[in-house]
Structures are given as C-alpha cells and as structure tokens.
Amino acid sequence: DPTVSYSYKIFCVLGDPSMHIWKDVPKAVTVNYTPSIPFGSNLVEFTVTHTSTGLPVANATVCVSGTDIFVTGTTDATGKAYLEIFYEVQENLTVTVRGGTVIPFIGTLQVTQPNGPYVIRETYTLSDVAGGNGNSQMDYGESILLSLTVKNVGTQSANSVVVTLNTTNPYITITDNTHNYGNIAAGQAITATNGFAFNVANNIPDGQTAVFNVTAVSGVNSWNSYFSIVGNAPVLDMGTITISDPSGNNNGRLDPGETVTITAPIVNTGHSTSPFASATLTESSPYITVISGNSSPGQIAPGNSANAVFTLTCSPSTP
C-alpha cells in the first residue's frame, strides 16, 4: 500500500514534524524558581541544573503559559533564564522546561492577588512631538514626556500615592521623576498624562533596552515594579561600491591612467532616521589622487540607503 509506505517513511523514519528530537540520552533536570508571584510585572529567575550532577543546563527552553500568557526564554551558560511576566489574573501558570538533553520538566507558577493595597505600573505611552520626531518611540537625542498608568491590584484602597521613576541606564537622564497620584481604590487605574520626562543621549546604541523602575509609596507601604523601553538609533554601513570609468576603457574597474567615479551606497541598518550623513574618501597610495573626496548622502531612513559619490585618478605608472 503506497499510503502505508509513505506514512512509515515520514513518521517512523523521519519523525513527526512536531516531535522534539533528543540529541543525546536525556537527563532529568531540577528547576528552581519562586513558586508564587503577585499581580503585575515580575522578572522571574529560573535556574536549570542536571538532577544527578547539579551542573547547569545551558540552552534549555523555559516556557510559562496560561490562559492569556505565553512567555519563553533560553538558559545561559550558568543555567539561568530570566522571564518577564506581566499578569493580573489569579491563576496557576504552567512552567515547562525542555531541551536537547533534557527530560521535559513540568511545574506550576502561582499568580496571586496581594492582600491590602498594592500599586504597580500598568501601561505607559511616550510623547516626543515637541522634543523628537513624533513617532511615539524612544529615539536618540530626544526629550520625551512619559504618561504612566498605575493600578492598585490589591484588595484595599491606597491613599496619597506618590510614584517615583528611576533608571540606571547611562543613556537616559530623567528630568521629572515624581508624580502624586492621590488616592487609588482597589482595582482602579489612574493615568498621569505627561507626568514624567526624560532625555535620551545622542549616542544611545540601536536596540539598547532601558529598564525603568517604578516605586509607588503610600504611607509606610512601598511597591516596586518596572517596565522597559527599547531605544532606536541609526546604524550606517557601506554597501558594495561601483566604479564608473566611461572616459577610460569602460570596464567598471580602476585601471592605470583612468579618472573614475566611485559610488558607495550608505545603508541605514538601524531603526531611526540618521541625521544628515557625510562621507569622506581618503587614500594612502602614491598612485591615487582623490579629486573629490567629500560627499553628503543626507538623511537616511531606516532600511534605506543613499549614495556617496567620489572621483579619483589612478596614475598611468601604477603597477
């Protein structure tokens, strides 16, 4: 039967497409993590070790899943994975660990509603209309207003809540870090529109993640939560140059005695539009004379390119 033969080859020889393939004899693992987290934003550390030896397990996949959440991470050389978990539902989440040498581990992570008041960050928005390019993202060199919503996820009212924002990121300078939210009832969320402000350094690397710590204080009570923002900046690289030599032999190469035009595409592989870019061509050969060594490709949008154009002469005596 051709169907049986085909099925045998596919599923028995090659394996089910969804089947996890072990690359070695799988071993049992021990997974250490806090068994319970409160509502809101949590950074949970998972440590995976071989049960028999206690040695760390690298490159294991850690997954936390529930009704409305699915978060994954990979352990590093020390066997640790850090997962950002933001959840406001009382539920037992499922923790799964698997990998090339791991017997799958299944555990639970409990999310519980705190007793009493408990104020944490909910959402945020950025306004860079006045101090940036107006795209509501964190770009290099911008002055940004931040609107922060905090929520009382506890069971009692939090009175006279003052929220302070801080970060240790060297590319961020907070210029307005405090806002008074007043009284927040249990389950209530309040937004401070443009309640905070910060500046972004001109030299922030593209893809730099800035972690902001949120401290909410009500009387003797204090609660910490956090959020992170990814920064954008241009990254300029040179593409493949082309040579135009119509006054020479027109072979697209630099030959002795020719005056040529060199075109160098400048590509922005970053995530923010560049300022007005300039390019300079210099030489260190006695046989080359740069006639026009400065070019101005201008602003370059992310994913786009602009040409830098130069002219030079190659000496007839060039070896």
Margin query: Once rounded to the nearest 0.5 Å, what's the spacing between atom CZ of Phe196 and atom OG of Ser147?
Written below: 9.5 Å
Checklist line | Trace of the side chain to side chain donor-acceptor pair (under 3.5 Å) decision for Asp237 with Thr269 | finding: CA-CA 7 Å; Asp237 294 314; Thr269 59; 3.3 Å; yes
Checklist line | Check against side chain to side chain donor-acceptor pair (under 3.5 Å), Asp176 and Thr178 | finding: CA-CA 6 Å; Asp176 183 359; Thr178 305; 5.8 Å; no
Check: Knowing that exactly one of Leu93, Thr96, Thr94 qualifies, which makes a side chain to side chain contact (heavy atoms under 4.5 Å, CB included) with Val64?
Finding: Leu93
Next item on the list: Enter the distance from Arg98:CZ to Cys63:SG here, rounded to the nearest 0.5 Å.
Entry: 9.5 Å
Item checked: For Ser41 against Ser225, the heavy-atom pair lying closest together -> OG-CB, 3.2 Å
Next item on the list: Without swapping roles, check the side chain of Asn152 against the backbone of Ile184 for a donor-acceptor pair under 3.5 Å.
Entry: yes
Margin query: If hydrophobic clusters are built by linking Ile, Leu, Val, Met, Phe, Trp and Tyr wherever their side-chain heavy atoms come under 4.5 Å apart, do Val211 and Ile229 end up in the same one?
Written below: no
Next item on the list: Please confirm whether the backbone N or O of Ser160 pairs with a side-chain atom of Asn183, one donor and one acceptor, at under 3.5 Å?
Entry: yes
Notebook entry, point to check: Judged by atom type as modelled, is there a donor-acceptor pair below 3.5 Å linking the side chain of Thr75 to the main-chain atoms of Asn59?
Noted result: yes
Next item on the list: Drop me the distance from Ser247's OG to Asn250's CG, to the nearest 0.5 angstrom.
Entry: 9.0 Å
Check: Taking atom types as modelled and ignoring hydrogens, do the side chains of Gln208 and Asn169 form a donor-acceptor contact shorter than 3.5 angstrom?
Finding: yes
Note to self: Can a side-chain donor-acceptor contact be found between Asn92 and Thr108 if the only test is distance below 3.5 angstrom?
What the structure shows: no
Checklist line | Pairwise distance CD(Glu88) to CD1(Ile69) - rounded to 0.5 angstrom | finding: 11.0 Å
Check: Can you tell if the side chain of Thr34 reaches within under 4.5 Å of the side chain of Glu45, non-hydrogen atoms only?
Finding: no
Notebook entry, point to check: Hey, are the side chains of Thr101 and Pro26 touching, using non-hydrogen atoms and a 4.5 Å cut-off?
Noted result: no
Checklist line | Nearest heavy atoms of Val163 and Ala216, plus distance in Å | finding: CG2-CB, 4.1 Å
Margin query: Main chain of Asn133, side chain of Glu142: is a donor-acceptor contact present, judged purely on distance under 3.5 Å?
Written below: yes
Notebook entry, point to check: Using a side-chain heavy atom cutoff under 4.5 Å and only I, L, V, M, F, W and Y, what cluster partners does Ile300 have?
Noted result: Leu236, Met238, Ile241, Ile243, Leu254, Val260, Ile262, Ile266, Leu281, Ile288, Phe310, Leu312
Check: Lys80 and Thr47: side-chain donor and acceptor closer than 3.5 Å?
Finding: yes
Note to self: Donor-acceptor check, side chain of Asn42 to backbone of Pro38, threshold 3.5 angstrom: yes or no?
What the structure shows: yes
Check: Does Val153 offer a backbone N or O that forms a donor-acceptor pair with the side chain of Gln113 under 3.5 Å?
Finding: yes
Item checked: Heavy-atom check, side chain of Asn199 versus side chain of Tyr171, under 4.5 Å -> no
Check: Does the side chain of Thr30 come under 3.5 Å of the side chain of Thr51 through a donor N or O and an acceptor N or O?
Finding: yes
Acceptor/donor pairs from residues 118-125 side chains to any protein atom, 3.5 angstrom cut, sequence neighbours excluded:
unit_1 : atom_1 : unit_2 : atom_2 : d
Arg121 : NE     : Tyr226 : O      : 2.9
Tyr124 : OH     : Ser228 : O      : 3.4

Check: When you measure from the side chain of Ser296 to the backbone N and O of Gly298, does any donor-acceptor pair fall under 3.5 Å?
Finding: no
Check: Among side-chain atoms of Thr149 and Thr191, is any donor-acceptor pair under 3.5 angstrom?
Finding: yes
Item checked: Side-chain donor-acceptor pair present, Asn166, Asn177, cut-off under 3.5 Å -> no
Next item on the list: Output the distance between atom CG (Asn232) and atom CE (Met138), rounded to the nearest 0.5 Å.
Entry: 7.5 Å
Margin query: Before you tell me yes or no, could you show the steps for Asn304 and Asn268 under side chain to side chain donor-acceptor pair (under 3.5 Å), namely the whole-Å CA-CA distance, both residues' side-chain angles and the distance that decides it to 0.1 Å?
Written below: CA-CA 6 Å; Asn304 288 9; Asn268 185 357; over 6 Å; no
Check: Atom CZ of Phe212 and atom OG1 of Thr209: how far apart are they, to the nearest 0.5 Å?
Finding: 11.0 Å
Note to self: If hydrophobic clusters are built from ILVMFWY residues whose side chains come within less than 4.5 Å, do Ile204 and Leu145 share one?
What the structure shows: no
Note to self: For Ser272 and Asp139: C-alpha separation, side-chain torsions, deciding distance, then whether side chain to side chain donor-acceptor pair (under 3.5 Å) applies.
What the structure shows: CA-CA 7 Å; Ser272 188; Asp139 292 278; 2.9 Å; yes
Notebook entry, point to check: Side chain of Asp245, backbone of Asn251: donor and acceptor closer than 3.5 Å?
Noted result: yes
Margin query: With a 4.5 Å cut-off on side-chain heavy atoms, are Val44 and Ile37 touching?
Written below: yes
Notebook entry, point to check: Do the side chains of Phe105 and Val48 get nearer than 4.5 Å, heavy atoms only?
Noted result: no
Next item on the list: Please name the pair of heavy atoms, one in Gly154 and one in Ala186, separated by the smallest distance, quoted to 0.1 Å.
Entry: O-CB, 3.6 Å
Next item on the list: Could you tell me which non-hydrogen atom of Pro297 sits nearest to which non-hydrogen atom of Ser278, and how far apart they are?
Entry: CD-CA, 3.9 Å
Next item on the list: Could you tell me whether the side chain of Asn194 reaches within less than 4.5 Å of the side chain of Ser127, counting heavy atoms only?
Entry: yes
Checklist line | Ring centres under 6.0 angstrom apart (Phe86, Phe227) | finding: no
Note to self: Between Asn307 and Val309 (side chain of the first, backbone of the second, donor and acceptor by atom type, cut-off under 3.5 Å), is there such a pair?
What the structure shows: no
Next item on the list: Report yes if the side chains of Phe198 and Thr167 come closer than 4.5 Å at any heavy-atom pair, otherwise no.
Entry: no
Notebook entry, point to check: At their closest point, which heavy atom of Glu91 faces which heavy atom of Gly66, and how far apart are they?
Noted result: OE2-CA, 3.4 Å
Item checked: Partners passing salt bridge (Lys or Arg N to Asp or Glu O under 4.0 Å) against Glu258 (at least two apart in sequence or in another chain) -> none
Next item on the list: Before giving the answer on side chain to side chain contact (heavy atoms under 4.5 Å, CB included), spell out for Val290 and Thr282 the whole-Å C-alpha distance, their side-chain angles and the decisive distance to 0.1 Å.
Entry: CA-CA 7 Å; Val290 176; Thr282 60; over 6 Å; no
Check: Side chains of Thr259 and Thr313: do they bring a donor and an acceptor to under 3.5 Å?
Finding: yes
Item checked: Heavy-atom donor-acceptor pair, Gln90 side chain to Val111 backbone, under 3.5 Å -> no
Notebook entry, point to check: Tyr33, Phe39: one ILVMFWY side-chain cluster at the under-4.5 Å cut-off?
Noted result: yes
Next item on the list: Determine the sole option in Thr164, Leu165, Asn224 for which the side chain to side chain contact (heavy atoms under 4.5 Å, CB included) test with Val214 is passed.
Entry: Leu165
Check: Does the side chain of Trp223 reach to within under 4.5 Å of the side chain of Thr215, using non-hydrogen atoms?
Finding: no
Check: Is there a chain of hydrophobic side chains (I, L, V, M, F, W, Y, each step under 4.5 Å between heavy atoms) that links Leu83 to Val31?
Finding: yes
Notebook entry, point to check: In the single-linkage hydrophobic clustering (I, L, V, M, F, W, Y; side-chain heavy atoms under 4.5 Å), do Val89 and Leu109 co-cluster?
Noted result: yes
Notebook entry, point to check: Is the number of heavy atoms from other residues, nucleotides or ligands within 6.0 Å of NE2 (His50) greater than 12?
Noted result: yes
Item checked: Test log, rule side chain to side chain contact (heavy atoms under 4.5 Å, CB included), inputs Val29 and Thr49 -> CA-CA 6 Å; Val29 294; Thr49 57; over 6 Å; no
Item checked: Shortest non-hydrogen separation from Gly141 to Asn202 and the atoms involved -> CA-OD1, 3.1 Å
